[in-house]
Amino acid sequence: MIRNKATYSDFLKDKSFLQWHLTRDEALNDYWISFLKENPDLKEEFEKATGICNSIRINEKIYSDTDLLYQRILQSIAYGKRDKFKQRIIYYLSAAAAVALILLISVLYTTSKKPEKILAANEEIIGETLPDQNITLLAGGKVITLKQDATLELANGQVTYSDSANKAKMIEVDDIRINTLIVPNGKRSSLVLADGSRIWVNSGTTVNFPSTFGKEQREIEIEGEIFIDVAKSENKPFIVHTPQFDVRVFGTRFNVSAYPSDNEASVVLVNGSVQIDANSRSLRISPNEMAKLRNGDLSKNTVDVSLYTSWIEGIYIFEGTPTSEVLKKIGRYYNISFDGAANLPDKKITGKLFLSENLDDVLSSVSLLTSTEYKREENIIKLIKK
């Protein structure tokens, strides 16, 4: 119950307030109108809470699982109380973060112009969490197992890293040998190269890198997806080799996605300038542009770079993304194989997905955005049409 001296955080913890915001139920609407007439001194706090909720928009349909939403917000607030230093901001984040883990911020369902495919009632999409694999570093003649989000740094002929036991270690590497970092699905890592260039390595990616760079140019090889901040060197270009194309730069920040299993590969430029060489053709792109190779055709267009780089901050941003592509990204990130995703309704999704370490939070989001219910039995995940 909202009391006379309530703050906006109290509104965010009130189940009827959340239900009113999500459903705009007529009876609840009348209730809150009457409430504000009787408590005009709380109007400012009420509007502040409404403003926070308005930043979290979902498609205009009744969200029946308000109990789950309410519990998530309470859990988030309870967690925030452990840290008094963060207490001033936790009330704002409690609603925004908790809802974002269950829904998607600004989730909009946009149907394509084609006739929509309908998933029959009770039809199932089966997902399976695959066997967990370790991040592996092949360096210095050794095979080293690394922890999730491991950071490696290469300098002075040595690789410094934290192993699976979270202990900082160092090994000698030889100048001639090529080192390999293998990041399986469900894991992430980062790597600082000998020249100071930093690489963020996404799930399902392999990076081959030398212990030291040659005198004329710097070269690495990748399969998968990386974001790289290349150290500047006017006299020594940096080349990223992929199975589909090569990217040549001198100092810049960009994202490369080149999974062998995908139908297209791309480079998205944040700043600087890069040249893409593919199929005897070269293409130069500027900041906020994407070069895309699909079916042998190399093209470029202007993009919102955050859509392609936000994963390094633990967020996926979707903008008119087909459901099948959303599930592919989520599956790769969490090491899940979804079978039958093509049978889902032909929807396009726009919004943000916070990449929580709690898989059930993410599956709740997937369930909502695909208009399904999910059931999880150990490593089997079922998405069932409501």
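- Scanning all heavy atoms of the two residues, the minimum distance from P210 to L154 falls at O-CD2, 3.2 Å.
- To the nearest 0.5 Å, the span separating CD1 on I239 from CD on Q217 amounts to 4.0 Å.
- Using modelled atom types, one side-chain atom of T350 and one backbone atom of G320 make a donor-acceptor pair closer than 3.5 Å.
- Of the possible donor and acceptor atoms, none in the side chain of T180 sits under 3.5 Å from a partner among the backbone N and O of L138.
- Connection of I228 to F213 is established within a shared hydrophobic cluster, with ILVMFWY side chains joined at heavy-atom distances below 4.5 Å, either directly or through further cluster members.
- For the pair L293 and S266, the minimum side-chain heavy-atom distance is 4.5 Å or more.
- Side-chain heavy atoms closer than 4.5 Å link hydrophobic residues (I, L, V, M, F, W, Y) into clusters, and following such links, possibly through other members, connects V207 to L146.
- We find the CG-CG distance between L181 and L191 to be 6.0 Å, quoted to the nearest 0.5 Å.
- Contact of the N39 side chain with the F46 side chain is not registered, since no non-hydrogen atoms from C-beta on lie closer than 4.5 Å.
- Of all heavy-atom pairs between D246 and H241, the closest is OD1-ND1, 2.9 Å.
- Taking CD1 of I126 as the start and CD of E128 as the end, the distance is 10.0 Å to the nearest 0.5 Å.
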What do the steps show when you test S211 against D174 for side-chain hydrogen bond (donor to acceptor under 3.5 Å, both in side chains), and what is the final call? CA-CA 7 Å; S211 301; D174 124 15; 5.9 Å; no
Could you go through the side-chain contact (heavy atoms from CB on, under 4.5 Å) check for D361 and L363 one step at a time? CA-CA 6 Å; D361 283 331; L363 292 174; over 6 Å; no
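- The two atoms that bring I220 and F209 nearest to each other are CG2-CB, 4.0 Å, heavy atoms only.
- Among residues two or more places apart in sequence or in another chain, the side-chain hydrogen bond (donor to acceptor under 3.5 Å, both in side chains) test is passed with E223 by none.
- Closest approach of V173 and A139 over heavy atoms only: CG1-CB, 3.9 Å.
- The backbone N or O of G251 sits nowhere less than 3.5 Å from a side-chain atom of R253 that would complete a donor-acceptor pair.
- Residue T151 comes nearest to S190 through the heavy atom pair OG1-OG, 3.0 Å, listed as atom of the first residue, atom of the second, then distance.
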Show me the donor-acceptor pairs, under 3.5 Å and distance only, between side chains in residues 254-261 and residues at least two apart or in other chains.
| from | atom 1 | to | atom 2 | distance (Å) |
| --- | --- | --- | --- | --- |
| N255 | OD1 | W311 | NE1 | 3.0 |
| N255 | ND2 | E225 | OE2 | 3.0 |
| Y259 | OH | S203 | O | 2.6 |

Step by step, work out the side-chain contact (heavy atoms from CB on, under 4.5 Å) result for K169 and Y161. CA-CA 5 Å; K169 292 189 176 182; Y161 64 94; 3.7 Å; yes
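- Residues I315 and S310 come closest through the heavy atom pair O-OG, 2.8 Å.
- The main-chain N or O of L298 is found under 3.5 Å from a side-chain atom of R281 such that the two form a donor-acceptor pair.
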Walk me through it: do Y333 and N202 pass the test side-chain hydrogen bond (donor to acceptor under 3.5 Å, both in side chains)? CA-CA 8 Å; Y333 197 90; N202 208 351; 5.7 Å; no
Report the C-alpha separation of D304 and I317 in whole Å, then their side-chain angles, then the decisive distance to 0.1 Å, and conclude whether the side-chain contact (heavy atoms from CB on, under 4.5 Å) test is met. CA-CA 10 Å; D304 177 354; I317 302 178; over 6 Å; no
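- For CD of Q148, the number of neighbouring non-hydrogen atoms (other residues, nucleotides, ligands) closer than 6.0 Å is greater than 12.
- From I349, atom CD1 reaches atom CD of E319 across 13.0 Å, with rounding to the nearest 0.5 Å.
- Placement of Y374 and L353 within a single hydrophobic cluster is found when ILVMFWY residues are connected by side-chain heavy-atom separations under 4.5 Å, directly or transitively.
- Contact check for I222 versus I199: no side-chain heavy atoms found under the 4.5 Å cut-off.
- For CG of N156, the number of neighbouring non-hydrogen atoms (other residues, nucleotides, ligands) closer than 6.0 Å is 12 at most.
- In this structure, OG1 in T145 is found 11.5 Å from CD in Q133, a value given to the nearest 0.5 Å.
- Exactly one of T205, N134, D132 qualifies for a side chain to side chain donor-acceptor pair (under 3.5 Å) with K187. That residue is D132.
- Remark: T321 engages no residue in a side-chain hydrogen bond (donor to acceptor under 3.5 Å, both in side chains) (not counting sequence neighbours).
- Residues satisfying the side-chain hydrogen bond (donor to acceptor under 3.5 Å, both in side chains) test with D195, not counting sequence neighbours, are S197, R218.
- Under the 4.5 Å side-chain heavy-atom criterion for Ile, Leu, Val, Met, Phe, Trp and Tyr, L355 and I312 are members of the same hydrophobic cluster.
- Side-chain atoms of N335 come within 3.5 Å of backbone N or O of L130 as a donor-acceptor pair.
- For residues 287-300, the pairs satisfying side chain to side chain donor-acceptor pair (under 3.5 Å) are E264-R294, with sequence neighbours left out.
- In this pair, F318 and Y316 present their aromatic rings tilted. The plane angle is within the 30 to 60° band.
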Hey, mind stepping through F227 and V268 against side-chain contact (heavy atoms from CB on, under 4.5 Å) and telling me if it holds? CA-CA 9 Å; F227 180 85; V268 175; over 6 Å; no
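- Contacts of Q158 classified as side-chain hydrogen bond (donor to acceptor under 3.5 Å, both in side chains), with partners at least two apart in sequence or in another chain: E172.
- Here the CD-CG distance, from E216 to N235, works out to 11.5 Å after rounding to the nearest 0.5 Å.
- With hydrophobic clusters built from ILVMFWY side chains whose heavy atoms lie under 4.5 angstrom apart, V192 does not share a cluster with W200.
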